Structure formats: C-alpha cells, structure tokens
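Everything below concerns the one structure shown next.
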Amino acid sequence: MPNEPAHDLSPSQETAVPGFAGPGHVAIIMDGNGRWAKARGRPRLFGHHAGAQRVREVVECCPRLGIKYLTIFAFSTENWKRTQVEVAGLMSLFRRYIAKELRELDAEQVRVRFIGDRVRLDQKLVKLMDEMEEVTRNNDRVHLTIALNYGARDEVARATRRLAQDVADGVLLPEHVDEETLPRYLDTRVLPDPDLVIRTSGEARISNFLLWQSAYSEYEFIDTLWPDFTAAELERLCRSYGARDRRFGAVTT
Ligand code: IPE
Ligand code: IPE
Ligand code: MG
C-alpha cells in the first residue's frame, strides 16, 4: 500500500447498531488456538484451522456493529520460534485461506490489506497477498487488515530506517519529525488507530501488537479461546466499549 493516501480519519459512513456508539476500528489478538486443540487431544494445527474459520463470521458482523476497520493478528515476528512443523503448517494455512476466501471477501465488499514484513515470507504466499490486496482494492464496506509476520518493534525499526533514509536524502528535515510524521512511515499509515483491542485466551499482554497505534485504545482481555469466539461476543464487547469514557488525558465531566 505504498502509494495510498493517509487515512482522513472521517467517521464511518455505515451506522452502528442503534443505541450505542461502537468502536470504528477493532483490533484482535487471536490467541488460544493451541490450547483449544490440546483440550480436544488434537495437534496444534487443528486449532489453527478452527481459528481461521472464525474469521469469516467476525468480518461479516462488522457492518452491523458499525466496525469499519478490523485488524487481526495472524502471525507475529516471534512466532518463527515455534517448531518447523507448526510454522510450515501455518504458512500453508495462510496460502489456502487466501485462495479460498479471496472471492468471498471480495463479494462481501471487504478490502483486505496486510501489515508486517514480507521479506521473510515465502514468495508464493506474498504473491497471493498482493493479489488479494489488488482484487479488493476498490472495496469499502469493511477494511480487513491481516497482521502477518508482524511485530510492532520490527515495524517501528523498519519505519525508522525509511525515515532516516528520507532525512539522509534531504526529503525530510529532522525538525519536522513529530507525532504526525512518524506514523506515516508505519505499515498502518492508511489506517486510523484502533479504538478497541481485544485479546482472547486469558493472557493479559500485548505480545508486540500495534504498540504505537494503541497508545489510547481501550482493551478487552477475555478468557474465550479464539476458535470459540463468536459474533455475539464481539457485539457484547462493542456494547461495553460504548459505555466507556475515553478521556485521552483530558477531563470530560
Ligand atoms: C494463536 O494461537 C495463533 C498464533 C499465534 C499463530 P496460539 O497458537 O498462540 O495458541 P496457544 O496460545 O498456544 O493456545
Ligand atoms: C500473539 O500470540 C500472536 C498472535 C496471536 C498471532 P502468541 O501466542 O504468539 O503470544 P505469546 O507468546 O503468548 O505472548
Ligand atoms: Mg498463544
């Protein structure tokens, strides 16, 4: 997405479920696939397949809940530390997922983007990712961003490298580097910041996800394992979000 203009942060055109102001951008750390499989005496990849199948329902309920942007964490820069069998199985699952869901997501008017470092990914997978972005580029109903080989520290390091290059080339003056400039170098430059970050599986940590972007996000850490997550649960979390008072450092009462 290098040539896309920055997001204008204008409010979502699709209205939320009447009665609550929901989050326009939800980001999800889809965790717990391995434990879900283990509880059933099955290999971890069985859990990953079940997890991938949950994504469709969640994407489909977004317009109804007023969620214009959905960002999901599929594979972290640290997940390469897993066994070769699990990593290879996940890469093959991503390839199959894209091939299988491409037409369906396009028919649902979903625009798909990927964030993360593509350099380490298999060329066949990268080609499918490019194709998915290209085919869906004119869609605007839901913006689905898949974080694949994504790590926030890696993202900030890559952004800083490009920024430093622009300074070295005389395109950017050091005194112009500020809170507005820096995020234009991040992978998420065309996306608004997440309003709500959800992590499933009971772990209360960020695990290197959207560190810059979630500075003022609301968080939900829930016990549900990702393959058990439903649209109904997302709706509940969106309603609870609607009752929160986001102060951004100010006093609102
Ligand atoms: C999340 O599920 C999916 C990925 C990290 C790829 P896990 O595989 O981390 O599942 P648990 O945390 O071991 O249960
Ligand atoms: C975070 O989950 C990454 C994804 C969901 C893709 P992990 O399972 O990798 O996180 P840790 O290792 O428990 O922190
Ligand atoms: Mg995990």
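Note that the coordinates shown come from a computational prediction; the quantities given were computed from them, not determined experimentally. As the structure lists them, so they are numbered: ligands from 1, and atoms in each ligand from 1.
Residues Tyr241 and Arg236 have side chains that never bring a donor and an acceptor to within less than 3.5 angstrom of each other. At a cut-off of 3.5 Å, with distance as the only test, a side-chain donor of Asn149 or Trp80 sits close to an acceptor on the other residue. A donor-acceptor contact closer than 3.5 angstrom is absent between the side chains of Thr136 and Asn139. Side-chain contact of His25 with Asp195: a donor-acceptor pair under 3.5 Å is absent, judged by distance alone. Ser207 and Glu78 share no donor-acceptor pair across their side chains, judged by distance under 3.5 Å alone. Side-chain atoms of Thr252 and Asp245 form a donor-acceptor pair, as typed in the model, at a separation below 3.5 Å.
Every atom of ligand 1 with a heavy atom of Arg35 under 4.0 Å away is listed here by number and element: 11 (P), 12 (O), 14 (O). Per-residue contacts place Phe75 under 4.0 angstrom from the following atoms of ligand 2 (heavy atoms of the residue considered): 6 (C). Counting the atoms of ligand 2 from 1 in the order shown, those under 4.0 Å from a heavy atom of Ala74 are 6 (C).
When only interatomic distances are considered, the shortest N/O to N/O separation between Gly34 and ligand 1 falls below 3.5 Å. Distances between N or O atoms of Arg82 and those of ligand 2 include at least one value under 3.5 Å. Below 3.5 Å of separation, one finds an N or O of Arg44 facing an N or O of ligand 1.
Within the 4.0 Å heavy-atom shell around ligand 1 one finds Gly32. In this structure, Arg199 has a heavy atom closer than 4.0 Å to ligand 2. Within the 4.0 Å heavy-atom cutoff, His48 counts among the residues contacting ligand 1.
Salt bridge absent: Asp140 and Arg111 never bring a charged side-chain N and a carboxylate O closer than 4.0 Å. A salt bridge links Glu220 with Arg244: the distance from a Lys NZ or Arg NE/NH1/NH2 to an Asp or Glu carboxylate oxygen falls below 4.0 Å.
What you find for Cys238 and Ile67 is that their closest heavy atoms are SG-CD1, 3.8 Å.
Ring geometry, Phe73 versus Phe209: the interplanar angle falls under 30°, so the pair is classed parallel (tilted spans 30 to 60°).
Here the protein heavy atom with the shortest distance to atom 9 (O) of ligand 2 is Asn79 ND2, 2.9 Å. Of all protein heavy atoms, the one lying nearest to atom 5 (C) of ligand 2 is Met30 O, 3.5 Å. Of all protein heavy atoms, the one lying nearest to atom 14 (O) of ligand 2 is Ser207 OG, 2.6 Å. What sits closest to atom 13 (O) of ligand 2 on the protein, heavy atoms only, is Arg205 NH2, 2.8 Å.
For Leu225, no heavy-atom contact with ligand 1 is shorter than 4.0 Å.
Asp31 lies close to the Mg ion (ligand 3), since one of its N, O or S atoms is found at a distance under 2.8 Å.
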